A.B. asks: 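Quick one: the structure is below, questions incoming.
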Amino acid sequence: MLSELPLFPVGASTIAPQVDALYLFMVGLALFFSVLIAGLIVYFAIRYRRRAPDEIGVAATGGLILETAWSVIPLVIVLFIFVWGAAVFFAMARPPADTLTIYVVGKQWMWKFQHAAGQQEINELHVPVGRPVKILMTSQDVIHDLFVPAFRVKADVLPGRYTTLWFEATRTGQYRLFCAEYCGTKHSGMTGWVYVMEPHEYQAWLAGGVTGSLASSGEKLFQDLACNTCHLPDTQGRGPMLHNLFGSTVLLATGEKVVADESYLRESILTPRARLTAGFEPLMPTFQGLVSEEDVLQLVEYIKTLKK
Amino acid sequence: MADAVASHHARHPALAHHFDDLGQQREAASLGMWVFLVTEVLFFGGLFLAYLVYRTWYPATFIEVSQHLDIFWGTTNTAVLITSSLTMALAVYAAETGDRRSLVFFLLATLTLGCVFLGIKALEYSHKFHEHLVPGAAFQWDGDHAERAALFMSLYFIMTGLHALHMIIGVGLMSVMTVLAWRGGFSPEYHVPVEVSGLYWHFVDIVWIFLFPLLYLISRH
Amino acid sequence: MTEHVVPRSIYFLIFAILIVFTAITTTVAYLDLGVFGPVVALTIAVVKATLVILFFMHVRYSTRLTKLVVVGGFFWLGILLALTLSDYLTRGWRTYG
Amino acid sequence: MKDYLNATYGLKSWLLTRDHKRIALLYLASVTLFFFVGGAFAVMVRLELATPPADLMQPETYNKMFTMHGVAMVFFFLIPAIPAVLGNWLIPVMIGARDLAFPKLNLASWYIFMLGGLFTLWAMVTGGVDTGWTFYTPYSSAFSNTHVVTAALGIFIAGFASILTGLNFIVTIHRMRAPGMTWFRLPLFVWSHYATSLIMVLGTPVIAITILLVAAERAFGLGLFDPARGGDPVLFQHLFWFYSHPAVYIMVLPAMGVVSELVAAFSRKPVFGYAFVAFASLAIAVIGFLVWGHHMFVSSQSVYAAMIFSVLSFLVAVPSAVKVFNWTATLYRGSISYDTPMLYAFGFIGLFTIGGLTGLFLATLGIDVHVTDTYFIVAHFHYIMFGGTIMGYLGGLHYWWPKMTGRLYPEGWAKLGALTIFLGFNLTFFPQFVLGYLGMPRRYAAYPEEFQVLNVMSSAGATILGAGYLIPMIYFIWSLRYGRIAGPNPWGAVGLEWTTPSPPPTDNFEKTPIVTQPAYAYHLLERA
Ligand code: HEA
Ligand code: HEA
Ligand code: CUA
Ligand SMILES: [Cu+2]
């Protein structure tokens with residue numbers, strides 16, 4: 001039975017060794033201090049046990065040096081840990097420039113992943129090994145949280161906005177995927193598997209049984225929702241031209257500048273008047289309620305492919 | 001036994017058994033009220049935080065909806081409350097100087113002004129009700145972002161509603177004080193209840209002093 | 001018993017100032033001051049509240065402890081607002097590569 | 001002169017009492033009840049988790065179990081436990097006062113607490129709540145269809161009891177100290193309760209308004225925390241943790257106060273570095289208000305805010321470290337006895353250290369991302385709340401039991417109980433650290449097979465722990481009748497409370513004491 005007793009999780013991402021190193025350092029530190037304190041207590045308790053019923057302890061004097069020492073030393077230690085921990089955290093928070101983006105919508109109680117090539121999967125995620133992957137996440141109802149222990153990453157998935165999480169898998173294999181934020185009755189059933197594959201296997205998998213890419217579904221929606229009546233492939237439309245929009249800096253009517261990232265595109269579709277583009281009338285109707293989060297993701301992916 | 005300590009001079013009838021003298025009792029009561037008011041600051045503080053967040057998120061909508069609040073009644077009510085704070089301060093003065101008739105008079109004045117405030121508030125609420133500006137199923141908003149407009153109105157109703165609740169409690173306190181004062185319960189030596197009720201009343205006034213510009217006075221031009 | 005009886009004239013003076021400030025703040029709301037609109041409105045509110053606290057509530061004549069309690073209360077409110085805003089105001093800084 | 005227990009008789013004399021000592025006993029009865037309610041839910045949780053699938057109960061039932069376990073334990077047991085029982089009973093006695101400053105408010109606080117408790121119990125028996133004790137929106141405000149509003153109102157109401165207790169303590173400590181009882185002669189127990197009261201007064205109102213907003217959101221469809229209606233669920237988390245993080249110090253500071261008393265009394269010497277320990281309490285209370293965002297590292301909070309909250313969380317650990325080192329140093333050249341209260345104090349120091357050090361793991365941004373919302377968190381807070389606070393509470397209860405009741409408990413049984421609880425506790429919660437780093441998420445009714453062995457260990461430990469609790473429960477009740485008469489000072493301890501008869505009269509002292517010595521003046525005893 002002991003062979004079934006795992007004590008340490010496998011690590012399968014570039015960030016995992018960094019987290020583990022920090023963790024093991026902390027374990028060492030914790031061991032040191034607990035053993036120190038426990039050892040001193042036991043030693044003092046035996047050495048200075050009460051030998052006569054009316055015995056009295058010897059009051060100590062002049063503790064200032066000691067007090068300062070044990071205030072300053074822990075302070076230095078924790079500041080060191082802080083810097084180290086923050087460095088790892090920053091590495092987790094900032095995806096590298098060139099990532100493979102996969103979309104996920106969380107809903108009570110399942111994960112729906114969509115690959116740019118059009119593959120959709122539920123509670124399963126296929127990714128290539130050795131390539132940074134960014135997951136762009138949103139929720140249709142309550143807060144969920146995507147957690148892959150083997151990668152040592154997790155991030156909350158919120159309704160009404162995009163959050164991201166990234167990792168680069170280093171080992172092929174099959175790893176557990178959990179929902180880590182309590183989300184209601186079947187929270188513990190909102191689990192699945194991540195399959196890390198060799199790049200060519202991943203390509204083959206992507207090619208299998210797909211009806212159309214995410215962008216092409218988005219394109220279809222773009223026509224069905226009549227977006228193309230205003231957004232023309234040139235500057236003649238009532239709305240701004242969307243080519244080369246993604247990643248560019250947009251000048252707003254208020255004079256502010258924003259980078260057109262996924263969150264901006266999403267907002268432009270759902271609440272167009274919140275941030276008006278300079279030089280345009282607030283003509284665009286809101287599509288809130290008309291499109292699902294998955295539709296929005298398809299539209300976003302389509303707009304991202306519009307290049308000139 | 002209770003007055004073992006203070007047995008060398010007669011205990012004031014209003015002195016509770018566990019205090020040594022009226023001075024200690026008064027200081028305890030006043031400190032207690034101040035600490036209580038601090039809790040009130042943080043209670044309303046949560047609402048002010050929510051207001052701040054959504055105002056930075058949705059500045060345009062906040063300006064737009066704010067125009068639907070009635071600035072005339074808002075200003076009038078501010079004046080009413082400030083006046084009631086004056087009468088309250090004068091009531092405390094009357095208590096300190098042992099002027100029972102003015103004490104009763106100013107307590108009654110404070111109480112009346114409080115009721116006037118609540119009356120005007122009720123009037124405004126009924127207007128909002130008729131204009132379908134009460135968040136919920138009946139909420140109507142022709143402009144953009146109805147949900148953001150509803151958010152502003154939610155804040156409006158919660159903030160002013162809780163403020164009004166405090167006013168109602170204050171009016172209740174004032175009624176009790178009036179009766180006690182009428183019966184001659186207070187003297188220059190003993191009038192802590194009037195004093196601490198006064199602190200409470202002024203605090204409620206201060207909350208309004210902030211609610212008024214935040215809710216009514218956003219960019220009226 | 002040490003108790004400071006504040007003369008009535010002070011109350012009337014404070015009352016007059018408060019009313020004047022109320023008139024000013026309402027008037028100013030009709031002017032277009034840009035970002036300074038809220039700043040002015042809030043400054044006036046803070047001044048009014050301070051006057052009420054200092055004079056109507058006798059804090060000016062109270063013990064150090066009372067003053068500490070008052071300052072402490074608003075300071076804690078400041079913590080709540082400031083640290084929460086440290087999140088809201090820096091959220092936009094995060095760019096997803 | 002009659003003691004406070006026998007001063008008057010009859011139910012009415014208890015239900016209308018203004019005596020802080022009697023009110024403390026009323027609280028003792030109520031929090032014990034809630035402890036067993038919360039413990040019963042914990043038993044259900046552990047039973048379900050003995051096997052991987054959700055077989056004993058449906059997931060919806062399980063979700064209610066851990067929610068009600070957390071709610072009962074946190075809001076109705078741990079927060080009031082030490083302040084409202086031991087603090088209430090002892091603070092006036094320790095500072096030489098006849099009562100708290102506002103006896104009527106004190107009684108009112110108990111009634112308010114009971115009212116809040118009734119609401120929550122009502123919510124529990126009529127179907128329960130399933131939001132987790134954290135009530136995260138929009139699940140709690142728009143999705144859950146359980147009794148959220150009733151339970152929330154219960155907590156809202158109980159919050160006022162907490163505010164009244166804190167307010168009463170602050171005023172009492174400022175205004176009611178006996179002549180000669182200067183600030184730096186106060187027992188450290190009083191200092192830690194002063195710091196606790198600050199948190200109660202400054203934090204509780206914020207949770208009150210937050211809960212009210214959630215209830216209003218459910219009842220009237222306001223949208224402050226609901227993204228579908230323009231609100232921000234993360235705002236709820238800020239407001240919730242603004243209170244609930246400092247609240248963890250409401251839970252632990254009083255226990256630290258108890259431990260300071262115990263360590264001094266059972267090594268018969270002053271606490272090492274009195275002033276440092278006293279100020280550490282205040283520092284924890286104040287800095288504790290600046291760290292709440294460490295519960296939100298993965299919540300989509302800004303990374304910069306996360307950094308601020310992380311570094312501040314580390315700072316709050318330093319005064320705790322100072323305390324631990326000071327207690328340990330106090331033992332040096334003491335005259336140490338192994339009476340049961342001291343055993344609990346040892347347990348506290350050891351387990352709090354482990355709990356606190358694992359808190360540092362969580363404050364470390366890079367680690368927290370992996371372990372947040374896993375069993376690592378569950379282990380961390382049980383180590384502190386249980387290993388820390390409950391050990392302190394039980395130690396204090398044993399130490400002052402003779403004073404409160406006039407009777408001694410049976411020492412042998414008490415040692416057995418302490419040992420059982422200590423062993424059961426570690427067996428229950430240590431495996432959870434491992435589980436957490438392996439990645440087992442919390443609040444899971446069903447879990448993958450590979451986690452079973454560790455979970456079985458944990459469930460087995462919980463059984464021992466449950467049995468361990470029954471031991472003190474039984475002998476405390478037994479001792480009320482059959483325990484040996486204690487006498488005024490069974491431990492040979494110093495402190496004003498040991499100068500009164502056991503149990504003391506209603507007004508505590510025949511004559512207001514005049515204090516001439518610092519706290520823990522054991523060295524003066526010797527010379528006398
Ligand atoms: C009594 C309750 C209590 C106490 C006192 C603490 C104390 C601390 N807690 Fe804990 N905590 C909880 C109860 C408590 N906690 C609960 C209930 C939760 C989960 C809530 C939920 O989500 O349901 C939680 C969660 C929690 C988190 C969030 C985790 C997450 O959800 O992702 C964090 C993160 O920073 C944290 C940190 C700390 C720290 C740094 C301390 C520090 O104060 C600890 C300080 C103590 C020491 C450091 C030990 C003594 C020191 C030494 C022996 C010397 C060596 C020291 C150094 C080198 C510094 N806690
Ligand atoms: C003071 C706080 C406190 C205390 C003392 C405890 C005590 C215990 N807790 Fe704790 N627990 C919390 C506070 C506390 N807990 C909180 C805040 C949470 C988070 C909730 C959430 O996620 O929302 C939590 C969550 C939590 C979980 C995680 C659930 C999950 O995430 O899915 C677990 C699992 O093992 C657990 C176990 C236990 C156990 C075994 C005990 C034991 O120590 C209990 C021992 C006591 C007894 C066993 C009682 C003895 C009584 C009897 C034996 C009589 C039995 C009577 C009948 C059956 C009628 N608790
Ligand atoms: Cu989805 Cu938990
Ligand atoms: Cu915390």
Side-chain angles (χ1 to χ4, degrees), chain A residues 1 4-7 9 19 22-23 26 30 33-34 37-38 40-41 44-45 48-50 55-60 63 67 70-71 74-75 78-79 81-82 85-86 88-89 92-93 141-143 145 147 149 152-156 158-160 163 176 178 180-188, chain D residues 59-60 63 132 136 138-139 143 227 233 267-270 272-273 276 298-300 303 307 310-311 314 317-318 321-322 324-325 328 331-337 346 349-350 353-354 357 360-361 364-367 369-370 373 434 437-439 441 443-446 448 450 453 522-523 525-526:
Chain A
M1 191 150 178
E4 291 166 33
L5 183 66
L7 293 175
V19 177
L22 183 52
Y23 177 73
M26 294 289 294
F33 276 107
S34 338
I37 301 284
L40 283 177
I41 291 180
F44 288 157
Y48 302 111
R49 67 187 174 278
R50 187 170 299 166
E55 190 191 46
I56 277 166
V58 183
E67 297 281 3
W70 63 51
S71 312
L75 185 67
V78 294
L79 289 181
I81 304 171
F82 164 70
V88 176
F89 183 65
M92 291 171 169
D141 35 53
V142 301
I143 304 179
D145 185 300
F147 177 32
R152 312 283 190 274
V153 290
K154 72 160 74 75
D156 275 9
L158 280 85
T163 55
R176 285 201 185 274
F178 294 117
E181 183 64 62
Y182 177 67
C183 54
T185 308
K186 294 207 188 101
H187 165 59
S188 61
Chain D
E60 49 257 64
N63 296 343
Y136 271 21
Y139 183 69
F143 286 85
S267 34
R268 296 240 176 100
K269 56 181 291 224
F272 185 82
F276 275 84
V298 298
S299 70
S300 87
V303 284
M307 308 256 290
S310 168
V311 74
F314 282 114
V318 174
V322 168
V324 169
F325 292 127
T328 314
L331 300 176
Y332 176 69
R333 303 186 70 191
S335 160
I336 299 170
S337 81
F346 289 156
I349 301 176
T353 302
I354 298 179
L357 284 164
L360 296 183
F361 287 54
T364 310
L365 287 160
I367 299 181
V369 170
H370 176 58
D373 280 319
V434 182
Y437 201 71
L438 282 170
R443 299 172 170 174
Y444 262 32
E450 63 259 33
V453 178
Y522 286 95
H523 49 298
L525 261 186
E526 194 175 27

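Just so we're clear, the structure is a prediction, and the values are computed from it rather than from any experiment.
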A.B. asks: What's the shortest heavy-atom distance between A:P9 and D:Y437, and which atoms?
C.D. replies: CG-O, 3.3 Å
A.B. asks: Is it true that a side-chain atom of D:N63 and a backbone atom of A:T185 form a donor plus acceptor pair closer than 3.5 Å?
C.D. replies: yes
A.B. asks: I need the minimum non-hydrogen distance between D:M307 and A:A86, along with the two atoms involved.
C.D. replies: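 Smallest interatomic distance, heavy atoms only, reads SD-CB, 3.8 Å.
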A.B. asks: Among A:E181, A:K186, A:R176, which residue forms the greatest number of heavy-atom pairs with chain D at distances under 4.5 Å?
C.D. replies: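 Max contact count across the listed options: A:R176.
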A.B. asks: Among D:G350, D:G132, D:A445, which residue has the highest count of heavy-atom pairs closer than 4.5 Å to chain A?
C.D. replies: D:A445
A.B. asks: Under 4.5 Å heavy-atom distance to chain A, tell me which part of D:F143 shows up: side chain, backbone, both or neither.
C.D. replies: side chain
A.B. asks: Name the region of A:V58, side chain, backbone, both or neither, that has any atom closer than 4.5 Å to a heavy atom of chain D.
C.D. replies: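 Backbone plus side chain of A:V58, per the 4.5 Å heavy-atom cut-off to chain D.
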A.B. asks: Would you say the side-chain atoms of A:R50 pair up with the backbone N or O of D:S335, donor to acceptor, closer than 3.5 Å?
C.D. replies: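 Side chain of A:R50 to backbone of D:S335: a pair is present.
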A.B. asks: Using non-hydrogen atoms and a 4.5 Å limit, figure out which bit of A:D145 sits close to chain D: side chain, backbone, both or neither.
C.D. replies: side chain
A.B. asks: Would a 4.5 Å heavy-atom cut-off, applied to side chains only, mark D:F325 and A:E67 as touching?
C.D. replies: no
A.B. asks: What residue, out of D:L360, D:T364, D:V318, D:L438, has the most heavy-atom pairs lying under 4.5 Å from chain A?
C.D. replies: D:L438
A.B. asks: So do the side chains of D:P227 and A:L158 get within less than 4.5 Å of each other, counting heavy atoms only?
C.D. replies: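 Sidechains of A:L158 and D:P227: no contact.
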A.B. asks: Contact part of D:F276 toward chain A, heavy-atom cut-off under 4.5 Å: side chain, backbone, both or neither?
C.D. replies: side chain
A.B. asks: Tell me, side chain or backbone of D:T353 under 4.5 Å from chain A's heavy atoms, or both, or neither?
C.D. replies: side chain
A.B. asks: What part of D:Y136 is in contact with chain A, defined as an atom under 4.5 angstrom from a non-hydrogen atom: side chain, backbone, both or neither?
C.D. replies: side chain
A.B. asks: Any non-hydrogen side-chain atom of A:C183 less than 4.5 Å from a side-chain atom of D:Y139?
C.D. replies: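 A:C183 vs D:Y139: side chains apart.
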A.B. asks: A:F147 and D:G439: which non-hydrogen atoms are nearest, and at how many Å?
C.D. replies: CE2-O, 3.4 Å
A.B. asks: Who wins among D:V434, D:I354, D:T328, D:I349 for the most heavy-atom pairs under 4.5 Å with chain A?
C.D. replies: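 Of D:V434, D:I354, D:T328, D:I349, D:T328 has the most heavy-atom pairs under 4.5 Å with chain A.
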A.B. asks: Taking every heavy-atom pair that is under 4.5 Å apart, which of A:A30, A:G160, A:A155 has the most such pairs with chain D?
C.D. replies: A:A30
A.B. asks: Decide yes or no for D:V311 and A:V78: does some side-chain heavy atom of the first lie under 4.5 Å from some side-chain heavy atom of the second?
C.D. replies: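 Of all side-chain heavy-atom pairs linking A:V78 with D:V311, none is under 4.5 Å.
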A.B. asks: What distance separates A:I56 CD1 from D:Y522 OH, expressed to the nearest 0.5 Å?
C.D. replies: 9.0 Å
A.B. asks: So, for D:P233 and A:I143, which heavy atoms are closest and what is the spacing to 0.1 Å?
C.D. replies: CB-CD1, 4.0 Å
A.B. asks: Which one wins on heavy-atom pair count under 4.5 Å against chain D: A:L40, A:V88, A:L75, A:D141?
C.D. replies: A:D141
A.B. asks: Taking only residues two or more places apart in sequence or in another chain, which ones pass side-chain hydrogen bond (donor to acceptor under 3.5 Å, both in side chains) with D:R443?
C.D. replies: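 side-chain hydrogen bond (donor to acceptor under 3.5 Å, both in side chains) check on D:R443 returns D:T134.
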A.B. asks: Please rank D:A317, D:A321, D:S310 by heavy-atom pairs under 4.5 Å with chain A and give me the top one.
C.D. replies: D:S310
A.B. asks: Starting at OH of D:Y332, measure out to OH of A:Y48 and round the result to the nearest 0.5 Å.
C.D. replies: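 Going from OH on D:Y332 over to OH on A:Y48, the span is 4.5 Å.
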A.B. asks: Please report the interatomic distance CZ(A:R49) to CG(D:L331), rounded to the nearest 0.5 Å.
C.D. replies: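 That separation rounds to 14.5 Å.
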A.B. asks: Do you know which of D:L357, D:V298, D:V322 has the most heavy-atom pairs under 4.5 Å to chain A?
C.D. replies: D:V298
A.B. asks: Between A:F33, A:F178, A:F44, A:Y23, which has the largest tally of heavy atom pairs under 4.5 Å with chain D?
C.D. replies: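 Between A:F33, A:F178, A:F44, A:Y23, the count favours A:Y23.
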A.B. asks: With a 4.5 angstrom heavy-atom cut-off, which part of A:A38 approaches chain D: side chain, backbone, both or neither?
C.D. replies: neither
A.B. asks: Nearest 0.5 Å, please: how far is CD1 in A:I41 from CD1 in D:I336?
C.D. replies: 9.5 Å
A.B. asks: What do the steps show when you test D:V324 against A:W70 for side-chain contact (heavy atoms from CB on, under 4.5 Å), and what is the final call?
C.D. replies: CA-CA 10 Å; D:V324 169; A:W70 63 51; over 6 Å; no
A.B. asks: Examine whether an atom of D:V369 lies under 4.5 Å from a heavy atom of chain A, and if so say whether it belongs to the side chain, the backbone or both; otherwise answer neither.
C.D. replies: both
A.B. asks: Which value, rounded to the nearest 0.5 Å, describes the distance between A:I37 atom CD1 and D:F346 atom CZ?
C.D. replies: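 So the CD1 of A:I37 and the CZ of D:F346 are separated by 13.0 Å.
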